[in-house]
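Shown next, in structure tokens, is the structure this report addresses.
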Amino acid sequence: MTDADLPAFRAALLDWYAAHGRDLPWRRTRDPYPIWVSEVMLQQTTVAAVVPYWERFLEAFPTVEALAAAPESAVLRLWEGLGYYSRARNLHAAAKAVVERGEWPRSVEGLRDLPGVGRYTAGAVASFAFGLPAPIVEANTLRLYARLLAYRGDPRSSAGQAALWDFAERILPPSPSESGESGSGVDPGLVNQAVMELGGTVCTVKEPRCGECPVSDWCGAFTTGLQSEIPLPKARPKITEVTEATVAVRRADGAVLVRQRDADERWAGLWDFPRFEPPSELTTNVPTLDARQPALPLGDGDTPLLAWLSTAVQEQTGVRCEVGAGLLEIRHGVTRYRIRLLCYGGTRLGGRLRSGATMRWIQPAALTDLPLSKTGRQFATRLADLSWEGDSP
DNA sequence: AAAACGGGGTG
DNA sequence: CACCCAGTTTT
């Protein structure tokens with residue numbers, strides 16, 4: 001596509017978008033705050049998954065000031081289930097930075113200085129909220145641009161990224177300041193929304209609907225019949241299998257022991273039951289723990305693991321306990337992991353909570369208010385229905 | 001350049 | 001189950 005083609009290309013794109021663009025909630029505003037929240041939530045996350053989270057989040061934190069003033073734990077609780085939790089921590093930190101600063105950065109460079117805002121998100125907020133001619137490349141546009149350019153190399157490589165970002169910049173309408181005159185009158189944010197929408201709904205990964213594409217005339221892949229060869233697929237990571245064990249240690253009053261994950265751990269800031277990855281020789285012979293009531297009577301397969309867990313709980317928390325009931329087994333596939341999580345019940349024997357770590361005894365019903373991981377939430381939810389040896393009446 | 005990120009939707 | 005998702009940060 002030559003520069004001479006660009007006005008017609010943009011016109012066809014925008015006509016199509018006006019007729020076929022989805023009415024997504026964050027497209028109804030030019031306020032940087034809700035737009036920024038949506039962009040961070042949408043990082044590596046589908047639109048369908050984000051919509052309900054975005055609605056709840058904006059209701060709880062209607063302004064950047066409200067978000068900045070919130071406890072991190074409340075932010076994480078609203079993020080629970082969305083994954084990639086560093087996004088929530090960065091969002092919270094960035095909100096504080098914006099409030100401290102007194103105003104939003106109004107440039108790509110300024111936006112990129114915010115934690116969790118990279119090249120794409122900065123361009124998105126700059127163009128959608130501020131109407132700046134900032135290019136964007138993300139999953140949808142990577143695919144669209146690679147096909148338009150008939151880019152045969154790896155679009156995720158340095159060279160590929162350079163080519164795509166260059167193209168992303170080239171298709172934007174000239175701004176008034178750049179052209180020195182009145183400008184094109186076309187909103188760069190609208191062009192960016194349109195290319196993403198086209199990539200997301202027409203220029204799809206499998207079986208792109210080129211017959212419905214408003215810009216197929218300018219598409220190198222379509223012209224040469226290479227739609228299914230371009231772009232090259234992303235390398236698939238190898239799946240890692242892991243078996244872990246977690247313990248709900250219960251006190252006489254029914255409260256269970258939880259700890260907040262440290263800043264340098266996975267799930268930083270989230271809460272969790274004491275959780276471990278025991279040596280594999282201790283878990284390979286553990287029979288399946290279906291959720292059952294009463295708790296599974298434990299056999300030879302579990303015994304060495306139970307002793308190990310008892311020691312591990314004491315080392316991690318300071319609490320002495322007897323681990324004595326197989327309660328539940330959770331199988332969970334996430335990103336590149338396939339996890340078998342063995343859930344046990346334990347009874348407190350004595351000991352004090354170690355100082356220096358954030359830990360609490362909490363009634364199972366109150367776990368609703370704490371941010372937990374997916375599997376932590378599953379265990380917590382089932383806990384109300386489970387009872388085991390050592391129960392107080 | 002590669003790995004981590006521990007979640008969900010879709011066919 | 002395989003593959004992908006409006007990426008960013010750390011190693």
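Every chain is numbered from 1, with letters handed out A, B, ... down the list of sequences. As a basis for the values below, the full set of heavy atoms in this structure was taken, side chains included, without hydrogen atoms, waters or symmetry mates. All values reported here derive from a predicted model rather than from experimental measurement.
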Within the 4.0 Å heavy-atom criterion, would you say [X] contacts the bases, only the backbone, or no part of the nucleic acid?
X: A:E277; value: nothing
X: A:E265; value: nothing
X: A:V40; value: nothing
X: A:A139; value: sugar-phosphate
X: A:P237; value: nothing
X: A:R119; value: sugar-phosphate

Any side-chain donor near an acceptor of the partner, A:Q161 and A:W165, under 3.5 Å: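 On atom types as modelled, these side chains qualify, holding a pair under 3.5 Å.
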Among [options], find the nucleotide with the atom closest to the side chain of [X].
X: A:T121; options: B:dT10, C:dC4, C:dT8; value: C:dT8
X: A:L24; options: C:dA6, C:dC3, B:dG8; value: C:dA6
X: A:K374; options: B:dT10, B:dG8, B:dA1; value: B:dG8
X: A:A49; options: B:dG8, C:dC4, C:dG7; value: B:dG8
X: A:S158; options: C:dA6, B:dA1, C:dC3; value: B:dA1

Roughly, in whole Å, what's the span from [atom1] in [X] to [atom2] in [N]?
X: A:M41; N: B:dG8; atom1: CE; atom2: C1'; result: 14 Å
X: A:L76; N: B:dG7; atom1: CG; atom2: P; result: 13 Å
X: A:K234; N: B:dA2; atom1: NZ; atom2: C1'; result: 13 Å
X: A:Q43; N: B:dC5; atom1: CD; atom2: C1'; result: 12 Å
X: A:R87; N: C:dT9; atom1: CZ; atom2: C1'; result: 13 Å
X: A:R22; N: C:dC5; atom1: CZ; atom2: C1'; result: 12 Å
X: A:K238; N: B:dA2; atom1: NZ; atom2: C1'; result: 15 Å
X: A:Y85; N: C:dT10; atom1: OH; atom2: C1'; result: 20 Å

Given the side-chain rings of A:F273 and A:F379, with only the six-membered ring counted for Trp, is the space between their centroids under 6.0 Å?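 Between A:F379 and A:F273, which both carry aromatic rings, the centre distance is below 6.0 Å.
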At under 4.0 Å, does any side-chain N or O of [X] touch on OP1 or OP2 of [N]?
X: A:T45; N: B:dG9; value: no
X: A:S373; N: B:dG7; value: no
X: A:W267; N: B:dG7; value: yes
X: A:R27; N: C:dA6; value: no
X: A:Y337; N: B:dG7; value: no
X: A:Q44; N: C:dG7; value: yes

Is A:H20 close to A:T201 at the side-chain level, that is, under 4.5 Å between some pair of heavy atoms?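 The answer is no, as the side chains (C-beta and beyond) never meet within the 4.5 Å cut-off.
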Any side-chain heavy-atom pair from A:Y120 and A:Q43 closer than 4.5 angstrom?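 A:Y120 does not reach A:Q43 side chain to side chain.
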Using a 6.0 Å distance limit plus a 45 degree cone around the ring axis, check whether A:R250 lies over the aromatic ring of A:W388.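 Verdict for A:W388: a cation-pi partner in A:R250.
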Mark yes when over 12 heavy atoms from residues, nucleotides or ligands other than A:E281 sit less than 6.0 Å from its CD; otherwise mark no.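 It does: A:E281 CD has more than 12 such atoms within range.
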Passes side-chain hydrogen bond (donor to acceptor under 3.5 Å, both in side chains), A:T45 versus A:R87? Steps please. CA-CA 11 Å; A:T45 309; A:R87 292 182 297 172; 3.0 Å; yes
Taking for each residue the nucleotide of DNA chain B with the nearest heavy atom, is it A:V242 or A:K206 whose nucleotide lies nearer the 5' end?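 Comparing both residues, the 5'-ward one is A:V242.
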Is there a donor N/O on one and an acceptor N/O on the other, under 3.5 Å, for the side chain of A:Y84 and the base of B:dG7?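 Present.
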In whole Å, measure the gap between the C1' atoms of C:dC5 and B:dC5 for me.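 Here C:dC5 and B:dC5 have their C1' atoms 14 Å from each other.
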Spacing of the P atoms in B:dG11 and C:dA6 (rounded, Å):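 It comes out at 13 Å once rounded to the nearest Å.
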Go nucleotide by nucleotide along DNA chain C from the 5' end; which of A:W26 and A:N90 gets its closest nucleotide reached first?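 In this pair, the answer is A:W26.
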